[in-house]
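Below you'll find the structure, written out as structure tokens, and then a few comments.
Index from 1, following the sequence. Note that the coordinates shown come from a computational prediction; the quantities given were computed from them, not determined experimentally.
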Amino acid sequence: MKKRNMLLLALLLALAPAAGSAQDLPELFEDVYESIGEGLAQGAGLAANSLGEELTLTLATDSARVEEGKSVVLTVTAGNPLAREVSVGMTLELPERLRASEETAWEATLPAAQLDEETGELTPSVTTFTRELTLLPGGGSEQAVIGSELEMGTRFYRAQTPLALCVPDVSVNASVEGAENHRMQPGDAFAYRIEIANAGDAPKDVAVEMVLPQDVTLTAQLPEGFAQAGSVIRGKVYAQAADGDEPSSAVITLPAVIAQNALEGDEDAHRLMAGTLRVDGERVPLERIEVCDAKINARLLADTERLEAGEETTLSVVVVNSGLAAADVRLSCMLPDGLSLAVAEDEQQEATAAEVQAAPMNGGGDDLPMTGTAVPGQLQATPVMTRHDRTLVFDLHMDAADEASDGVIACTRVIEIPVVADTPQDNLGEQLVGASLAWSVGEEQMQLGEAVAMRVVRPEFLGMSRADWNGVFWASVLLVVTVLCLYVAVRRESKEEDFCCE
């Protein structure tokens, strides 16, 4: 400024001769002195203003929040109101979870303020520095503060700006729907339910991977964004950010069914199925499915191995369910020729009435009540028998076996069938008869059980049966009567001859 005033003064002095022709010398000097005074006063005022101004420092981010794994741009603005360049030191104070793209401490030179020639005022220079800040994984959502410090000699200037660090807070809950007590049977349908909740302030694409257990297949299309390769299901779920204190929730439902042959070849009719679930790279506990089925065994037992014709005995049907699932069982007992069902007269009358009522439903069969023996763990209701010719059919519902600390208590049912031995055909003294048993569970095919063989004999004495002895008796009686008649006839003829001779 001083140099500019001196130049102005020299110019005025050089033009003094020309000016002297137009006006008086005193007036010229007066104008020159006034211009010099104004220049000196303006220069003194600018110097005074420069000495009283301070540097400025501000911070700003292009977003008030930053999500995990993403970046935000931080702008540091420094203002220099001085009429000279200033060398400063800049330092950023960042939370540990933020990483800057460049150094956080550096040296810089702030340009001098600009002079407005018309007004003579200084306009502070503005210098900006940018840093890209990335939020590293780890930690929760919080409100952080970014600080900056500007150092100029012994003077320090500080500025701060808030920044919300937003991260997702994902939790997973997996369950099995449609399985009572987590027990199911082959062919049963159920569904896996996976709920993904996000209590954080940032959304997230959550990776889901599930491996289905063996013999389990899906029965519906996969949700959008999922694909299946073999037994492995993969996909992503978008978990939105929480709405204030209310977490967001995304639910995936995977309907599935257990194969009918899941327990084929399993001696215990019992198997545990457990799939594998990983959400966001972490393994999530998945409820196990206990697949069990009924394990039915039926036997036909006889009280004796030898019967006389007309003698009664009892055939016992023993049904055992050692499986952990209930079942409807149909039993068919075939009576051979030589054995007939023995029913008391009052029971026969009740059976006849039942037969009349049930005839349209069972095709003419007889519904006869059978007796049952109570065994721990068995049903107490007496079964109803349907008779078709010589086949006796029973429909039973067998409860599941009970679990105990020392093993399994099977459900057992005993059905007693009274039978009577018929007289052997073809006048045979002895006949071998066999009763057989078959059963089926639900819609499965019939299974044949072990047959029971019994000998039906005709009562004999000295090698002859009762009928033979009856024949001998009546033949003897007839012989005696005949002999007596002949004897009487002969005696009469002898008396007549003796009378005639006299």
Side-chain angles (χ1 to χ4, degrees), residues 1-13 30-66 70-135 142-165:
M1 184 63 66
K2 291 181 179 180
K3 291 180 179 181
R4 184 179 298 179
N5 292 332
M6 294 301 293
L7 291 175
L8 180 60
L9 179 59
L11 180 61
L12 291 175
L13 292 175
E30 184 178 354
D31 293 337
V32 172
Y33 289 145
E34 288 180 1
S35 298
I36 294 173
E38 291 177 1
L40 293 175
Q42 186 177 5
L46 291 175
N49 291 338
S50 299
L51 293 176
E53 291 291 340
E54 297 287 348
L55 303 182
T56 59
L57 178 66
T58 59
L59 297 179
T61 55
D62 62 348
S63 175
R65 48 181 283 144
V66 59
K70 296 184 179 181
S71 300
V72 64
V73 177
L74 173 68
T75 301
V76 182
T77 303
N80 180 16
L82 304 178
R84 58 184 176 84
E85 293 182 347
V86 177
S87 297
V88 297
M90 307 290 295
T91 304
L92 291 180
E93 298 176 356
L94 302 177
E96 294 182 357
R97 297 165 58 189
L98 286 177
R99 182 181 61 191
S101 59
E102 299 180 41
E103 68 275 5
T104 58
W106 66 96
E107 300 290 335
T109 300
L110 304 182
Q114 300 293 322
L115 175 65
D116 189 342
E117 295 182 357
E118 295 182 358
T119 62
E121 295 181 356
L122 291 176
T123 302
S125 66
V126 177
T127 306
T128 59
F129 308 92
T130 58
R131 296 290 187 272
E132 187 177 85
L133 306 180
T134 303
L135 180 58
E142 62 176 315
Q143 188 73 21
V145 175
I146 300 175
S148 178
E149 184 178 84
L150 184 151
E151 177 187 358
M152 184 186 69
T154 59
R155 293 191 179 188
F156 294 89
Y157 302 88
R158 291 181 176 85
Q160 291 182 337
T161 185
L163 180 63
L165 308 183

Look at atom CD of Q114 and say whether more than 12 heavy atoms of other residues, nucleotides or ligands are closer to it than 6.0 Å.
no
Salt bridge (charged side-chain N to carboxylate O under 4.0 Å, His left out) partners of residues 74-98, not counting sequence neighbours, each pair once
R97-E142
Rounded to the nearest 0.5 angstrom, the OG1-CG distance for T58 and L150 is 10.5 Å
Any ring pair (Phe, Tyr, Trp, His ring centres under 6.0 Å) involving residues 74-96? Give me the pairs, sequence neighbours left out, ordered by first then second residue.
none
Which residues satisfy the side-chain contact (heavy atoms from CB on, under 4.5 Å) test with T130, sequence neighbours excluded?
V73, T75
For the residue pair P81 and P124, what are the closest heavy atoms and their distance?
CA-CB, 3.6 Å
With A100, which residues qualify under side-chain contact (heavy atoms from CB on, under 4.5 Å), at least two apart?
L94, T104, L133
Could you tell me the separation between the CE atom of M90 and the CD atom of E151, rounded to the nearest 0.5 Å?
11.0 Å
Can you check whether L57 reaches S148 side chain to side chain, under 4.5 Å on heavy atoms?
yes
When rounded to the nearest 0.5 Å, the distance separating CG of L122 from CG of L82 is 9.0 Å
To the closest 0.5 Å, what do you measure between CG (L74) and CG (L59)?
5.5 Å
Taking ring pair (Phe, Tyr, Trp, His ring centres under 6.0 Å) as the cut-off, I'd like each qualifying pair that reaches into residues 80-131, sequence neighbours left out, listed once.
W106-F129
What residues form a salt bridge (charged side-chain N to carboxylate O under 4.0 Å, His left out) with E102, not counting sequence neighbours?
R131
Which residues share a side chain to side chain donor-acceptor pair (under 3.5 Å) with S101, sequence neighbours left out:
none
Side-chain (N80) to main-chain (S125) donor-acceptor, under 3.5 angstrom:
no
Ignoring hydrogens and angles, write down the donor-acceptor pairs under 3.5 Å from the side chains of residues 157-164, residues two or more places apart or on other chains.
| unit_1 | atom_1 | unit_2 | atom_2 | d |
| --- | --- | --- | --- | --- |
| Y157 | OH | E54 | OE1 | 2.4 |
| R158 | NE | E149 | OE2 | 3.0 |
| R158 | NH2 | E149 | OE2 | 2.6 |

side-chain contact (heavy atoms from CB on, under 4.5 Å) partners of S63, counting only residues at least two apart:
R65, V72
Euclidean distance, L98 CG relative to L165 CG, rounded to 0.5 Å
5.5 Å
Residue list, side-chain contact (heavy atoms from CB on, under 4.5 Å) with A60, at least two apart or on another chain:
none
